[in-house]
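Please read the structure below before turning to the comments.
First the proteins, then the strands, lettered A, B, ... as listed; each starts at 1.
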Amino acid sequence: MSDSEDDIPLSQINNGPIISKASTLILNAAPIDDSTPDPSEARTSVTISASQDKESSEDSDDIPLTQRKQQLETEKTLASDSDDDIPLADKRAATKQIMKQESSDDDDIPLAKKRKVQAKAKEVPVSKVASSPKRAASTVSTPAPSKKAKKDEVSKKKLKKEEEEREIYRWWEEQTSQRAGDNEDGGDGVIRWTELSHYGVLFPPEYVPHGIQMKYDGKPVTLTPEAEEVASFFAALLESDHGKNPTFQKNFFSDFREVLAKNPKNPRLERFDKCDFTPIWHQFQLDKERKKQLTKEEKLKLKEERQKIEEPFLFATVDGRKEQIGNFRIEPPGLFRGRGDHPKTGRLKRRVYPEQVTLNLGKESPIPPTLPGHKWGKIVHDQQATWLATWKENINDTSKYVFLAPNSSWKGQSDMKKFDKARELKNYVDKIRASYTADLKDKLSEVRQRATAMYLIDRLALRAGNEKGDEEADTVGCCSLRYEHVTLEPPNTVHFDFLGKDSIRYENTVQVDHQVFKNLKLFQNQVGEGHAIFDRLTTTGLNKHLNSCMPGLSAKVFRTYNASFTCQQQLDRLTNADDTLPDKILSFNRANREVAVLCNHQRAASKSHAQQMVKIEDKIRTIKYQRMKLRKQLFSLDASIKKKRPDLAEDESDLDDDWIMQHDIDTIAKEREKVQTKFHKQNEKRKADGEPLQPDSELKDRLAKVEDLKVQLDKERGGDISVAANMTVHKLLDRIARLDDRLNATKIQATDKEENKEISLGTSKMNYIDPRIIVAWCRSYDVPMEKVYSKTLVQKFRWAQDIPDDWKF
DNA sequence: ACTAGCGACTCAGAAAGGTGAAA
DNA sequence: CTTTCACCTTTCTGAGTCGCTAG
């Protein structure tokens, strides 16, 4: 075993796939060479050391986490090409970026550029005229035409698409200074609109009682509609995790009793464990079944009816432009589904009425109608806000908002701003790292804690970690980490184990800079169990400091920066221009996965995952079994091959006699069934066609053939190898080669599946990876965008397509 | 000057819905 | 050819971040 391999922790070798969990990483603070004038130079001059002993890793670490992981995984390949691994283009792009920054900072756009931008801006009103909101709305509502007009329909669709394309507000082609929130001092005080109109919000339908009685103490009880509704909320969740959660049950029952007590007609229910909601639950199951049984036409009709109701709410008009609205529905009443160990989970979320809703509208805009007999709570004209409607939810007394959809200009602009900010951090990060590395030894514990936290946020992409109240789930981020969340193992290994946002567990083992280790130990000892490690640090304080390092910098920018940086770098590393399209997409997904692991984006493994894995393992074994048989035939034809091809002489792993026996039995059973169903089906068809039926003797003949197969399999198991007369060594070798390919493909599929079991790629793709990285990648490797972005994401990131081909993060 | 609380926004996984390939 | 199942997309709404303001 080589030195370097020795340093890879066992855990990583064993459970290779599960990278984030229990993988040990080496993280040392960057000793930054201050003499380097250009920060981008500092980055590119990083050397990737081949050996991972603690000594040498000290100099090799100006590298985000994921890069380090790769480093560990692929040391052998990297050993030879350390420095030239980083493309020149990267260097150039970085320098270019700085120049661009400097010039746009003081609003000093070159004249030539300005002219171009203005010209483009002028085009906008033209397209606006071409598609007045009214006309567009009528296009959307075009009902499905008859089959005869199919051709017509296709061309109409094309037209519609073109029209929609024209309708898109290409804000990214306009002069930047006009854009709200584009200035450095944040977006406050900025007027976002002068004209705003929309149709308000869509309320859920009133409750329709079903009359199914729940039971109490074994006896059916009659409830008022209001109480029945609440009982039904719970009944629907009876078999879910929520329904089985004691806190959920307790909170639900307490609120349920309150509702019951409001009307004397309701019975008094004292104990939850005497309640039986199964009658309602069963009814719901039935309803679901019935809904599934509906014909295609009926389903389509229902869908169209739904869409007709939604239609007026779909779009808002902002300064004369049509913009899609994200969530125009008022959240229906139900039971609060808090994540993790939320103290309020299961409480009744009450129905919202118009009186509780505030609308944000232009002064001139008509006030939309609302539920009969009701009035809107308030109408405001807040031109600095981007929300269209708001209301308070009764569980935590927090605000809910109606916003425009992700493809809107408001969302797009702030998205672009976010990624530009992260990209700007590239130019500051070396300085910032140098500064916090120095601060790790500061005498003031406040400063020291801040530096240590910055190290963790930078290197591990942790969230800031605001303080939380008693009425919320106990989850933490960097600043709120407590004693028990961190375990130190000398000389410099740190184990993290805590619940983060959404109560998702963060479990990671890393090797850190010695000073960081020392600091953590010191802070831990000072505070003791149950207390925050960074007792002198608040997120506000941290962010204030970060803002002084770089305008607009806050903790979350590091997450965006690290994610995008990692993605860019992984894509560059993994993609080959001459790969096939599926291979390129595999590389893409790998890069994406790297980011998801970094950000700890998880999902619940599907219930059938284990089953699916068994199935795929079985598939692998079946291939191996077939391969073994071919090998044996090969050797019986020509024994000399054993020596010529020692690789073929080796036995296939994990093929045991028991499995083979069972496999043969299963094969025969399946074959029998197949023959029988086929026979019966054929006869049924003949019957329908009025042809004479096949006699039972035919079935017997066919089944006899299966028996022959059985005999042959039994023989083969006994070591009796039969080779077909026309079989040749060449043919057999060919077949084995093909099986090997299939085996490999299936194995990769299995690994991939296992690796992805609990990793969610969507969140990073949607929120953390600069879409321009992906657009540029798609262009340079000739991959259609639709292969990596869903329809909605393509729309959301339309702005990102306006970049030069060689764009780099 | 500090802090708690809150408003408005981004980010998050679960669940529902849709689709296309395998059985 | 139909049905089933696995996977992907969209919807939903809860959970964070972060700056501001009031006391």
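Within the 4.0 Å cut-off from OP1 or OP2 of B:dA12, not a single side-chain nitrogen or oxygen of A:Arg339 is found. For A:Asn767 and B:dT10, the shortest distance from a side-chain N or O to OP1 or OP2 is not below 4.0 Å. OP1 and OP2 of B:dC11 both lie 4.0 Å or more from every side-chain N or O belonging to A:His601. The phosphate of C:dC18 (OP1 or OP2) has no side-chain N or O of A:Thr539 nearer than 4.0 angstrom. At B:dT10, one or more side-chain N or O atoms of A:Ser414 fall inside 4.0 Å of OP1 or OP2 (strictly under the cut-off). When the side-chain nitrogen and oxygen atoms of A:Ser760 are compared with OP1 and OP2 of B:dA12, none of them lie within a distance under 4.0 Å. For C:dC5, the OP1/OP2 oxygens have no side-chain nitrogen or oxygen of A:Gln612 closer than 4.0 Å. Residue A:Lys400 places no side-chain N or O under 4.0 Å from the OP1 or OP2 atom of C:dT13. Contact between the side-chain N/O atoms of A:Thr792 and the OP1/OP2 oxygens of C:dT9 is not found at any separation under 4.0 Å. Residue A:Lys556 places none of its side-chain N or O atoms closer than 4.0 Å to OP1 or OP2 of C:dC18.
If you find the closest nucleotide of DNA chain B to A:Ser240 and to A:Phe403, the one lying nearer the 5' end belongs to A:Phe403.
Under the Watson-Crick or G-U wobble criterion, with both distances below 3.5 Å, C:dT2 is paired with B:dA23.
Relative to the six-membered ring of A:Tyr789, A:Lys765 misses at least one condition, a distance below 6.0 Å or an angle of at most 45° to the axis.
Under 3.5 Å, the side chain of A:Lys501 and the base of B:dC11 form at least one donor-acceptor pair of N or O atoms.
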